[in-house]
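Here is the naming used below: chain letters follow the sequence lines, and residue numbers restart at 1 for every chain.
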Amino acid sequence: MNFSQQLIDWYTVNKRSLPWRDTKNPYFIWLSEVILQQTRVQQGLPYYKSFVKKFPSVENLAHAPQDEVLKLWQGLGYYSRARNLQTAAMQIVDNNSKFPDNYKDLLQLKGVGEYTAAAIASFAFGESVAVVDGNVYRVLSRIYGIATPINVPAGVKEFKSLAGKLLDQHDPATYNQAIMEFGAIQCVPKSPDCSVCPFQSNCIAYQEQRVKELPVKLKKTKVKNLFHHYLVIQTPSKKTVLHQRDNSSIWAGLFEFPYIEAQGALLPQEIIEEKFFKELVGESRFRESVYNQQPIIHKLSHRKVHAYFWIIELDQELNDTLSIEDARAKPVHVLMERFMKEFWQGK
DNA sequence: AAGGCGGGGCA
DNA sequence: TGCCCAGCCTT
């Protein structure tokens, strides 16, 4: 028995009963697909029901006030989906209320991309076009042991091609439902229970114990911006203060000036009102000035640190200070070294 | 090609 | 608490 038939057999036994599976009405199917973009069935189900109830036809949706649509969408997230949904409803109504009945025409609807067009075309009109969503990437990459990243053009092409070949030409609707349902409830992203999987013996990932590694997704290392406002303490005897970083994050165990972490640039007023600043300076009177109006940008693989240096001249000594010479002897990170070298040159 | 868009589930 | 999820539109 081939893969597609096996999948359909599994689906027949294991499928959930969902309202949009009991209809061929393209409007309802479209509604469900848009609601389920980036959304779990469990979360989307009540929204589907309320939309069907409030807007039983595409005309109802097209003619509703936008606020009403958004209100119904409230809490579901990705709100442009709701606006696009209504825009598309208007597109359809403008076209004599003729619902697009094929993949190509469906793609013209606002908010309908390749996945959604394939889903509607196959479910409502029986068109032979394979859906490729996150479930499909996951299932195919594991069963076929494909390690091509799913989020690069070559990977997209490869998976689409395979999905097209596997599509059951006689019943594309059921096949498409089946592979996505399989991904949603059996071949789940994390810790799938392979002990009850019907594809154990022909799943390459399972056989080679690579289930955890697949699908491969290129991490676009999202760089996080950090804003560090370093407090460069200067006592009358030219002592300063360093703190040692803890061992759990970047620059573990290295020394640096104490700093305030913020969401961006800060005004002097904001600095001196910080609890951390007050605790550090204690009863001293001080004069503060910013050393660099433009932050020093320090890039790490996953962090972009915007470093501001505030020179705090105190009129009395503090505890736990150290001389510049001792400070220069401490292990510091590159950013700190750059600053210290420039700030204390010749001292 | 890359960034932005939101919630919930889960380790 | 922070990471992960993976469709579509915009730039």
Distance, rounded to the nearest Å, where [X] contributes [atom1] and [N] contributes [atom2]:
X        : N     : atom1 : atom2 : answer
A:Ile179 : C:dA6 : CD1   : P     : 13 Å
A:Glu114 : C:dG7 : CD    : P     : 12 Å
A:Ile185 : B:dG9 : CD1   : C1'   : 17 Å
A:Arg138 : C:dC4 : CZ    : P     : 15 Å
A:Leu140 : C:dA6 : CG    : C1'   : 15 Å
A:Gln37  : C:dC9 : CD    : P     : 8 Å
A:Leu109 : C:dC9 : CG    : C1'   : 15 Å
A:Ile35  : B:dG8 : CD1   : P     : 15 Å

**Linked, directly or transitively: A:Phe257 and A:Leu266 (ILVMFWY side chains, under 4.5 Å)** = no
**Request:** Could you tell me whether A:Val34 contacts a base, only the sugar-phosphate backbone, or nothing, with contacts defined as non-hydrogen atoms closer than 4.0 Å?
**Result:** nothing
**Request:** For A:Lys217, report the nucleic acid contact type (base, sugar-phosphate, nothing); a contact means any heavy atom under 4.0 Å.
**Result:** base
Quick one: list whatever passes ring pair (Phe, Tyr, Trp, His ring centres under 6.0 Å) with [X], sequence neighbours left out.
X        : result
A:Phe277 : A:Phe286
A:Phe309 : A:Tyr230, A:Phe339
A:Tyr47  : none
A:Tyr137 : A:Phe159

**Asked** Do A:Pro100 and A:Ile92 come within less than 4.5 Å of each other through their side chains, counting heavy atoms only?
**Response** yes
**Message:** Under 4.0 Å, heavy atom to any atom of DNA chain C: which of residues 40-51 of chain A qualify?
**Reply:** none
**Request:** List in numerical order all residues of residues 75-89 of chain A for which some heavy atom is under 4.0 Å away from an atom belonging to DNA chain C.
**Result:** A:Tyr78, A:Asn84
**Request:** On the 0 to 90° scale, with breaks at 30° and 60°, tag the A:Phe276-A:His243 ring pair as parallel, tilted or perpendicular.
**Result:** perpendicular
With rounding to whole Å, what would you report as the distance between [N] and [M] at their [atom1] atoms?
N     : M      : atom1 : value
B:dG8 : C:dC9  : P     : 24 Å
C:dC8 : B:dG9  : P     : 23 Å
C:dG7 : B:dC10 : C1'   : 22 Å

**Message:** What verdict does the salt bridge (Lys or Arg N to Asp or Glu O under 4.0 Å) test give for A:Glu256 and A:Arg245, after you've listed the backbone C-alpha separation in whole Å, the side-chain angles of each residue and the deciding distance to 0.1 Å?
**Reply:** CA-CA 8 Å; A:Glu256 61 188 348; A:Arg245 293 187 66 88; 2.7 Å; yes
**Asked** For A:Glu337 and A:Arg328, what are the C-alpha separation, side-chain angles and deciding distance, and is it a salt bridge (Lys or Arg N to Asp or Glu O under 4.0 Å)?
**Response** CA-CA 8 Å; A:Glu337 176 62 26; A:Arg328 294 294 277 131; 3.2 Å; yes
**Prompt:** Can any side-chain N or O of A:Glu270 pair as donor or acceptor with the backbone N or O of A:Leu267 at less than 3.5 Å?
**Reply:** yes
**Request:** Specify the residue among A:Pro153 and A:Ser191 whose closest nucleotide of DNA chain B lies further upstream toward the 5′ end.
**Result:** A:Pro153
**Prompt:** Within the structure, does a side-chain N or O atom of A:Gln38 lie under 4.0 Å from either OP1 or OP2 of C:dA6?
**Reply:** no
